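Predicted model, so just to flag it, every value in this text is computed and none were measured. Heads up: numbering here begins at 1 and tracks the sequence.
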Amino acid sequence: MKKLLIAFILLLAFAAKSQDSTYVSVELKNGKSVSGQLIHKSEAEVTVATKDLGKVTLAWSTIKSINLISKEGKGQNTHPTRYFFAPSAIPLKKGDKYYQNALFLVNSFQAGITDHFSIGGGLVIPFALFITPKIGYQVAEKVHVGGGILFATSLIGGLNFGVGTVYGSVTYGTKESNLTLNTGLGAYNENTGLGRDDYNWKFASNPMFTLSGMTRVSNKVMLLTENWFFSNKTVNYDSNGQFLNETTAYNGILSGGVRILLERSAFDVGFLVPTSIESGAIPYLAYNIKF
């Protein structure tokens, strides 16, 4: 299973590298859009060959944004800002929002405050609350950079759960086919070793990171992979409850699946494979809507 996921990541890397960048979706300031093959681009205007209107020349003064798409006729991916859960560096536009429900328990919401900054959060019913502010900028034709914060804490007294990270992101590719590396330094509510109920917040000594990718394979289907790698500490006690030692090791969660695209909604279907236990694949299902 893990070898298949590695091969899947390599496939996405090839798809992102070979992505056809000559087809664009031009968003106009009047709310309309024009899609087709990019014929010419100058300091004054852009010319696009469309399927229905032929060649259309647009002045830059009328254009809000230009986005690369995979090829004419597929339409633009409306969910490029995240994978199963981990973010890409591609930002939400100002006023755009999305809601996601994963596994019927994880509910998250994100809203674009500006074209480069969004904020959101959610609930893992009935266990935890989390917040997810994020920034993102396009710095080259196929490169976005960004970052954000993920912080989660328990809703149940005595559970002593808490994790957080400040991370940076680099996304290579287009909205139709891309790879993202997120790297951050995490913090967690750690057992001090002085007693079973003694916990303090502490930064991790090793970074955590995610490697994720998506690529369009048909008009309605995208392949997705999202893979988390993090170091965790285990506190060991003897039979009398006395502290013995602590151990640290890298573990992870590998995942793969598909995203089924509708006009604004999408369904994610896949599987999760924890590397630390021999549990096999865990089914994953999520519903997303952008509005």
request  = Check the side chains of Ser88 and Thr180 for a donor-acceptor pair under 3.5 angstrom, ignoring hydrogens and angles.
outcome  = no
query = Hey, are the side chains of Asn182 and Pro87 touching, using non-hydrogen atoms and a 4.5 Å cut-off?
reply = yes
inquiry  = As a quick check of understanding, evaluate ring-ring contact (aromatic ring centres under 6.0 Å, His included) for Phe109 and Tyr99, giving each step before the final call.
reply    = CA-CA 5 Å; Phe109 175 83; Tyr99 164 77; 7.8 Å; no
Donor + acceptor pair across side chains of Ser265, Tyr287 (<3.5 Å) = yes
inquiry  = Given Tyr83, which partner from the list Asn178, Asn227, Thr225, Thr210 fulfils the side-chain hydrogen bond (donor to acceptor under 3.5 Å, both in side chains) test?
reply    = Asn178
key: All pairs passing side chain to side chain donor-acceptor pair (under 3.5 Å) where residues 111-131 contributes a residue, at least two apart   = Gln110-Ser118
query = Strictly by modelled atom types, are Asn77 and Glu176 linked by a side-chain donor-acceptor pair under 3.5 Å?
reply = no
key: Test item: Arg216 and Leu261 side chains (from C-beta on) under 4.5 Å apart, heavy atoms   = yes
inquiry  = Are Leu58 and Leu28 packed together at the side-chain level, in the sense that at least one heavy-atom pair is separated by less than 4.5 angstrom?
reply    = yes
ask   = Does the ring centre of Tyr284 sit less than 6.0 Å away from the ring centre of Phe271?
value = no
query = Is the number of heavy atoms from other residues, nucleotides or ligands under 6.0 Å of Phe291 CZ greater than 12?
reply = yes
note = Residues at least two apart in sequence or cross-chain that pass side-chain hydrogen bond (donor to acceptor under 3.5 Å, both in side chains) with Thr183, listed by chain then number, are none
query = Hey, is NZ on Lys29 packed in by over 12 heavy atoms from elsewhere, all under 6.0 Å?
reply = yes
ask   = Which pairs with one or both residues in residues 250-273 pass salt bridge (Lys or Arg N to Asp or Glu O under 4.0 Å), sequence neighbours excluded?
value = Arg259-Asp268
request  = Could you tell me whether the side chain of Ile119 reaches within less than 4.5 Å of the side chain of Ile113, counting heavy atoms only?
outcome  = yes
inquiry  = Within the structure provided, determine whether Trp60 and Val46 are in side-chain contact (heavy-atom separation under 4.5 Å).
reply    = yes
ask   = Are any side-chain N or O atoms of Glu27 and backbone N or O atoms of Ser33, one a donor and one an acceptor, separated by less than 3.5 Å?
value = no
